[in-house]
Structure formats: structure tokens, C-alpha cells
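To find a chain, count down the sequence lines: A is the first, B the second, and so on, and within it residues start at 1.
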2 protein chains.
Amino acid sequence: MEQESRLAGTVRPGGRTARVRSAVLEATQDELVKHGFHGLSMDAVAARAGVGKTTVYRRWGSAAGLVTGLMTELADQSASHADTGTIEGDLRANAAGVLAALRDERLSATFQAVIAAATCDEEAATALRAFYARRIDEWAKAVDLAVERGELPAGTDGRELIRAVSAPLYYRLVVTREPVDETVATLAATRALAAARAGAFVGEV
Amino acid sequence: MEQESRLAGTVRPGGRTARVRSAVLEATQDELVKHGFHGLSMDAVAARAGVGKTTVYRRWGSAAGLVTGLMTELADQSASHADTGTIEGDLRANAAGVLAALRDERLSATFQAVIAAATCDEEAATALRAFYARRIDEWAKAVDLAVERGELPAGTDGRELIRAVSAPLYYRLVVTREPVDETVATLAATRALAAARAGAFVGEV
DNA sequence: CCCTTAATGGGGCAGAGGTTCCGTTAAGGT
DNA sequence: ACCTTAACGGAACCTCTGCCCCATTAAGGG
């Protein structure tokens, strides 16, 4: 009759519980930087966080659960879109933000871990989708404003344009594993914008 | 004095050895489709291939070694670029080829596994880089021909243009985990081409 | 300040997965 | 056809991860 006790950490989330949470997530990132997702063990995370491994298991369940937790946390911290006054400035700001994230070794390791986890864990995949859906929706607003200002053709698909700016950066990082630097970021923004001005992002579907 | 015995399978590669190799690689793909890279065990692969797990361990060494072997095999099978007569046709053919690969569940699982493996294994990362470097170089020739025909501005960076066509597809598959279909493929080619015609791929670096 | 109980942590067990040993099979040369 | 030995396969070994039991600690409400 009694419902299963809900997830640990939800009834008394203050003090110790909060400290354990941040210690574990920090430790997870450190381990990811060192060994990647494939080498992530609950044991090592618990030891590094100075926490009992029982606790890690109980609250996160698995390695995939840990990186899903990290991704969920990042989703809550995601910043709002830039508003530099021109769509070129905004897209460059977007590209620069992605670049900064991918160059930060802890963030980069986290993204790559979630990507790896998502290939075999549905919750991780859902967290990934949610993170990017939110981020893309947020930045698409900058495109909508540019359309209103008359900088871009009416009907330009903001979400697709934002995807087009990020895609080359992630493609290089994750797929071809080529270096990702300022030049790549700037060119990504420039090229996406050129296509948008040519009307290639009008006429969705 | 005697050099370490070189990798098993190189001295007598015919008959049994070749059969074992293909059985194991086939089994690896099957397992990847089912469980992803994180769930790939040498044990399960050996059992499915009908081979002793000692053999799998000796020849491939680890799960990362297995997927690296798969990627190397794919690199040797990569097809040459299309030549439809127009750059638009060639880029669409390229996008369609990528789409077909990403929609094939065994190929898709293999790519995603190598991507996951590359985050913590240098050999897998090298195999990935080699595969895409080869593929991109091959297809860049189609762009060079288009430039010669006068279809695209002189100085257009063929490798970058080819990357720009693939990037949105991989981005959706791997990063945002959104669906990848014919529309996405066609749009990727169209948009990259629009930017190229606007000269956004001229002036490398 | 005290009480209830959510949440943690140590210790320990079971089982999966990787590693090694050594006998058996068959590739490839003569 | 025969011989050498590369390569394979069965089975035991062993580490390490995942999971549970129960005593201990400290949130958070009164």
C-alpha cells in the first residue's frame, strides 16, 4: 500500500545531503576528465568525494545516473541568449559560448560522457535532449528578434539556425576529433549567417 | 633479443583466422546494436561469435580494440565521391550517403560506439580521425571539380564544405538525439551550398 | 533543546567480466 | 603427405563492481 520511499535526498535536501550531492557531482567530473565515461566507477567517485559508495549507489544508481545528474544540473544553469544588437554579434556570441564550454575540460568531459551514456541509457538520452532543446529554444529568440528588425528574411527558422552554428563545433569535437578553436567558432557563425541571409533557413519542414 | 611476437592473426591470416575475424566483428556489431558500447563485453561477443573468449582478448585486447577494429574495416571500404555533374547533386548525394549510414542500425551503432570509445581510448580516437579525414578528403574532390567548372567561387575550401554537410546530421544523431531524416539531409546540403555560393567557404584560416 | 527518522557509511557477500595457463587444432611451407 | 608452430579454446583464477544489512549521524519540526 505504502508507496515506495521516493528518491533519497528529496525530503531533507539541506545541509549534509546538499554537501554530499555537490561533492559527488564534483568528483564525477574529475573522474570523467581523467578516465572518460567508460572508466567511470561508482567506487572511485565515492572515494574521491569522501562519501560512502552505498550513498552514491542509492542516490544515483549507476554511472549513467551520475552523468545524467550532471547534465540536469547544467540544464538548470543555462544562460539566456545574447542581445548585442545585431544577429551577427549574437551568433558569434553563441559560437563563442559553445567554444568556451567545449574548451573547459570539465564541461567538455561532461558533455562527452553524457553523449556516450546516451547511446545505451534512455534517461541520459532524455537529459541530453532536454538540455539542448532548452538551449536552442532560448537562443532562437535572438533570431526571431533579428527577423523582426529586418536583418533576416521573414520565416527564418531560428532553431535550425542556432543548430547550424553549434553543429560544426560538436562535429569536430566528438566525431572527427579535430581541434576546435576561435577560428572554427567564428567561421561556424559566419557560414550559418550567410546561408540564413540567402534564405536557406526559410521554409521549414 | 627476439622481438615480441607480433599481433596474432598476421602470420597465418587465411582460413580459420579470417573466419574468426569476421565472426567476431559481426558479433560485435550485433552486441553494439543491443547494448551500446558501454554494455559491450568480450565475453558476450565471444559467445555470440562462437569463439573462445581467450581469442577475442588476445586479438583485440579490449572493448575499445573491438570497435577500433570495426572502424578500421569501415575505413577500408569507404566509397569514392559522387560525380553527378552539379555540385548540388554531389552534396545531396553526400548527405544521402551519410543519412543512409546513420539510419542503418548496425552502422549507426558502430559509429556511436567508436565515438564513445574515443573519449577514453587513444587508438579509437585515431581510428575515428583517420576514417573521417579519408572520407572528407575524398569528397572534397567533388568540390574542387565544381570550382573548376565555375559553379563555386575560386578558393572555396572543399574539406570545410564537406564537413558542413555532415555536421548537422551527426549533431542531431549524437548530440541532441533528434531524429535524422531525408528532410534534414537535404536541408544540410542546401544550406551548406547556399553559404558556399555566398563565398563563406573562401579564405581558409 | 529534544525527538523522530531521513540519510549516510562501513563491512561484507555474490556474481560478472577480464586475465592467464596449457593442451588441441589446423595454416602454410617443404 | 608431413612437420612446425601460429592460432584457437576450455577452464580455472582473480579482481572489482554492484548491491544489501544494519549501526550511526544529523536534518528539520515541535
Side-chain angles (χ1 to χ4, degrees), chain A residues 2-28 31-32 34-69 113 117 120-121 123, chain B residues 2-28 31-32 34-69 113 117 120-121 123:
Chain A
E2 204 74 48
Q3 88 173 40
E4 270 295 312
S5 67
R6 59 177 65 88
L7 228 52
T10 55
V11 177
R12 290 180 186 175
R16 179 171 63 171
T17 296
R19 278 195 303 278
V20 165
R21 176 182 164 80
S22 66
V24 168
L25 293 182
E26 286 285 312
T28 300
E31 287 291 312
L32 288 176
K34 273 194 165 177
H35 311 293
F37 178 68
H38 187 61
L40 187 67
S41 89
M42 308 290 273
D43 215 348
V45 169
R48 181 182 284 266
V51 164
K53 69 174 172 173
T54 309
T55 299
V56 178
Y57 174 73
R58 182 172 35 232
R59 293 204 30 202
W60 287 275
S62 66
L66 280 172
V67 298
T68 301
C120 58
D121 181 278
E123 282 187 42
Chain B
E2 203 74 49
Q3 87 174 41
E4 270 295 312
S5 66
R6 59 177 65 88
L7 227 53
T10 56
V11 176
R12 290 179 183 174
R16 180 172 58 170
T17 296
R19 278 195 303 280
V20 166
R21 175 181 164 80
S22 67
V24 168
L25 292 182
E26 286 285 313
T28 299
E31 287 291 312
L32 287 177
K34 274 194 167 178
H35 310 292
F37 178 68
H38 187 61
L40 187 67
S41 87
M42 307 291 272
D43 214 349
V45 169
R48 181 183 284 266
V51 165
K53 70 173 171 172
T54 310
T55 299
V56 179
Y57 174 73
R58 181 170 37 232
R59 297 217 7 215
W60 289 274
S62 66
L66 280 171
V67 298
T68 301
C120 59
D121 181 279
E123 282 188 41

Quiz item: What's the CZ-P distance between A:Arg58 and D:dT25, to the nearest Å?
Solution: 16 Å
Quiz item: Quick one: which of C:dG9, D:dG9, D:dA7 gets closest to the side chain of B:Arg59?
Solution: D:dA7
Self-check item: Trace of the side chain to side chain contact (heavy atoms under 4.5 Å, CB included) decision for B:Val67 with B:Leu40
Solution: CA-CA 10 Å; B:Val67 298; B:Leu40 187 67; 4.2 Å; yes
Exercise. Choose from D:dT17, D:dA11, C:dA27 the nucleotide whose nearest atom is closest to any side-chain atom of B:Thr54.
Key: D:dA11
Quiz item: Does A:Arg19 put a side-chain nitrogen or oxygen below 4.0 Å from OP1 or OP2 of D:dA27?
Solution: yes
Self-check item: Nearest-angstrom distance from the residue atom CG of B:Leu66 to C1' of C:dG18
Solution: 13 Å
Practice problem: I would like to know whether A:Val24 and A:Arg59 meet side chain to side chain contact (heavy atoms under 4.5 Å, CB included); could you show each step before the answer? | Solution: CA-CA 10 Å; A:Val24 168; A:Arg59 293 204 30 202; over 6 Å; no
Quiz item: Could you state the CE-P distance from B:Met42 to D:dC14, rounded to the nearest angstrom?
Solution: 21 Å
Quiz item: Rounding to a whole Å, what distance do you find between B:Asp43:CG and D:dG10:P?
Solution: 12 Å
Practice problem: Take atom CH2 of A:Trp60 and atom C1' of D:dC19, then tell me their distance rounded to the nearest Å. | Solution: 17 Å
Practice problem: Decide side chain to side chain contact (heavy atoms under 4.5 Å, CB included) for B:Glu31 and B:Leu66; before the verdict, give the C-alpha distance in whole Å, the side-chain angles of both, and the deciding distance to 0.1 Å. | Solution: CA-CA 11 Å; B:Glu31 287 291 312; B:Leu66 280 171; over 6 Å; no
Quiz item: Closer than 4.0 Å, any side-chain N/O of A:Tyr57 to the OP1 or OP2 of D:dG18?
Solution: no
Quiz item: Ignoring hydrogens and angles, does a donor from either the side chain of B:Lys53 or the base of D:dG10 sit under 3.5 Å from an acceptor on the other?
Solution: no
Practice problem: Using the closest heavy atom to pick a nucleotide of DNA chain D for each, name whichever of A:Leu40 or B:Arg21 lands nearer the 5' end. | Solution: B:Arg21
Quiz item: Roughly, in whole Å, what's the span from CZ in B:Arg16 to C1' in C:dA27?
Solution: 8 Å
Self-check item: Verdict with reasoning, A:Val45 to A:Met42, per side chain to side chain contact (heavy atoms under 4.5 Å, CB included)
Solution: CA-CA 5 Å; A:Val45 169; A:Met42 308 290 273; 5.8 Å; no
